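These values consider heavy atoms only, across backbone and side chains, with no hydrogens, waters or symmetry-generated copies. Because the structure is a prediction, the values reported are computed rather than measured.
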Amino acid sequence: MTAEAPAAPALSHGRLVPVTVHFDDLDALGLLHNARYPVLVERAWSELWAGEGFRFEGDWAAAGDACNAVKELTIGYEAPVTRPGAYAVHLWLDRLGTTGLTYGFRFCSADGVTTYARGTRVLVRLDSGTLRPAPWSEAFRTAGRALLRPTE
């Protein structure tokens with residue numbers, strides 16, 4: 001008789017995006033360097049949005065909704081990542097405004113069970129010519145609504 005692994009928790013909101021921690025992401029103590037968490041989260045978001053058709057390809061004027069800037073980032077570390085390998089980032093939107101959004105994230109085990117870090121990030125959509133806030137497109141808003149965390 002073999003024991004079955006526990007099932008990964010079902011996500012009530014958002015998406016789980018696979019990421020890889022490489023050996024050179026670890027610090028001198030063999031822990032995932034604190035500055036690498038936001039980079040891995042950004043890569044996961046870039047992959048998710050590219051899958052929805054929103055990407056930056058070198059031209060800010062053509063970037064549309066991909067022309068945005070970080071206004072705020074918070075992150076709390078809950079458990080150390082001590083080895084390279086397969087992990088995941090659980091991503092969702094907490095708020096989708098006219099020109100800004102707040103997303104939540106968990107850096108977690110590949111199956112989503114263990115949380116290593118969690119946080120939020122506020123983005124502002126920018127007009128590429130003026131760098132002033134600009135509204136998200138309706139296509140972006142439609143994709144974003146599918147990622148909203150349900151209100152309790």
Q: Show the numbers, then the answer: is there a side-chain contact (heavy atoms from CB on, under 4.5 Å) between E57 and D59?
A: CA-CA 6 Å; E57 296 177 329; D59 179 358; over 6 Å; no
Q. Can you tell me how far the OG1 atom of T74 sits from the CZ atom of R118, to the nearest 0.5 Å?
A. 11.0 Å
(Q) Does R55, at its CZ atom, have more than 12 non-hydrogen atoms belonging to other residues, nucleotides or ligands within less than 6.0 Å? (A) yes
(Q) Any carboxylate oxygen within less than 4.0 angstrom of a Lys/Arg side-chain nitrogen, looking at D25 and R36? (A) yes
Q.
Please check if the number of heavy atoms outside R145 that lie under 6.0 Å from its CZ is greater than 12.
A. yes
**Q.** Pairwise distance CG(L101) to CG(L148) - rounded to 0.5 angstrom
**A.** 9.5 Å
**Q.** Side chain H33, main chain A35, donor-acceptor under 3.5 Å
**A.** yes
Q: Please name the pair of heavy atoms, one in A88 and one in S109, separated by the smallest distance, quoted to 0.1 Å.
A: CB-O, 3.6 Å
Q. Is L91 reachable from V70 through a run of hydrophobic residues whose side-chain heavy atoms are each under 4.5 Å from the next?
A. yes
Q | Closest approach of S128 to A61 (non-hydrogen atoms, all atoms of both residues) | A | OG-CA, 3.4 Å
Q. Only one of I75, T115, V19, T114 clears side-chain contact (heavy atoms from CB on, under 4.5 Å) with F107; which?
A. V19
Q) Are any of the side-chain nitrogens in R106 or E78 under 4.0 Å away from the carboxylate oxygens of its partner? A) no
Q. So Y87 and Y116, would you call those rings parallel, tilted or perpendicular, with 30° and 60° as cut-offs?
A. perpendicular
(Q) Assess the residue pair V21 and L26 against the criterion (side-chain contact (heavy atoms from CB on, under 4.5 Å)); give the C-alpha distance rounded to whole Å, side-chain angles, the decisive distance to 0.1 Å, and a yes or no. (A) CA-CA 8 Å; V21 171; L26 305 180; 4.2 Å; yes
Q.
Could you measure the distance from the OG1 atom of T120 to the CG atom of L93? Nearest 0.5 Å is fine.
A. 12.0 Å
Q) Does S137 offer a backbone N or O that forms a donor-acceptor pair with the side chain of D65 under 3.5 Å? A) yes
Q. Under 3.5 Å, is there a donor-acceptor pair between the side chain of H90 and the main chain of H13?
A. yes
Q | Closest approach of F56 to A63 (non-hydrogen atoms, all atoms of both residues) | A | CD1-CB, 3.8 Å
Q. Applying the 4.5 Å side-chain criterion to the ILVMFWY set and letting contacts propagate, would L126 and V122 be lumped into a single cluster?
A. no
Q: Could you walk me through whether W45 and F105 pass the ring-ring contact (aromatic ring centres under 6.0 Å, His included) test, one step at a time?
A: CA-CA 10 Å; W45 268 117; F105 65 88; 9.0 Å; no
**Q.** Distance (rounded to the nearest 0.5 Å) between L31 CG and Y77 OH
**A.** 12.0 Å
Q: Sequence neighbours left out, what passes side-chain hydrogen bond (donor to acceptor under 3.5 Å, both in side chains) with D27? Give chain and number order.
A: none
Q.
So, using salt bridge (charged side-chain N to carboxylate O under 4.0 Å, His left out) as the criterion, who are the partners of R43 when residues are at least two apart?
A. none
Q: Please report the shortest heavy-atom distance between T99 and W136, naming the atom on each side.
A: C-NE1, 3.4 Å
Q. How many angstroms lie between OG1 in T102 and CG in L96, if you round to the nearest 0.5 Å?
A. 9.5 Å
Q: Determine, using the 4.5 Å side-chain heavy-atom cutoff (strictly less than), whether L73 and V17 are members of one ILVMFWY cluster.
A: yes
Q) Just wondering, do L32 and L40 contact through their side chains at under 4.5 Å, heavy atoms? A) yes
Q) Pick from R149, R121, R95: which one makes a side chain to side chain donor-acceptor pair (under 3.5 Å) with Y103? A) R121
(Q) Could you measure the distance from the OG atom of S12 to the CH2 atom of W92? Nearest 0.5 Å is fine. (A) 9.0 Å
Q. Is it the case that one hydrophobic cluster holds both L11 and L147, taking links as side-chain heavy atoms less than 4.5 Å apart, direct or via other members?
A. no
Q.
Is there a path of hydrophobic side-chain contacts, each under 4.5 Å between heavy atoms of I/L/V/M/F/W/Y residues, joining V41 to L48?
A. yes
**Q.** Pairing residues for E47 by the salt bridge (charged side-chain N to carboxylate O under 4.0 Å, His left out) criterion, not counting sequence neighbours
**A.** none
Q: Report yes if the side chains of V89 and L16 come closer than 4.5 Å at any heavy-atom pair, otherwise no.
A: no
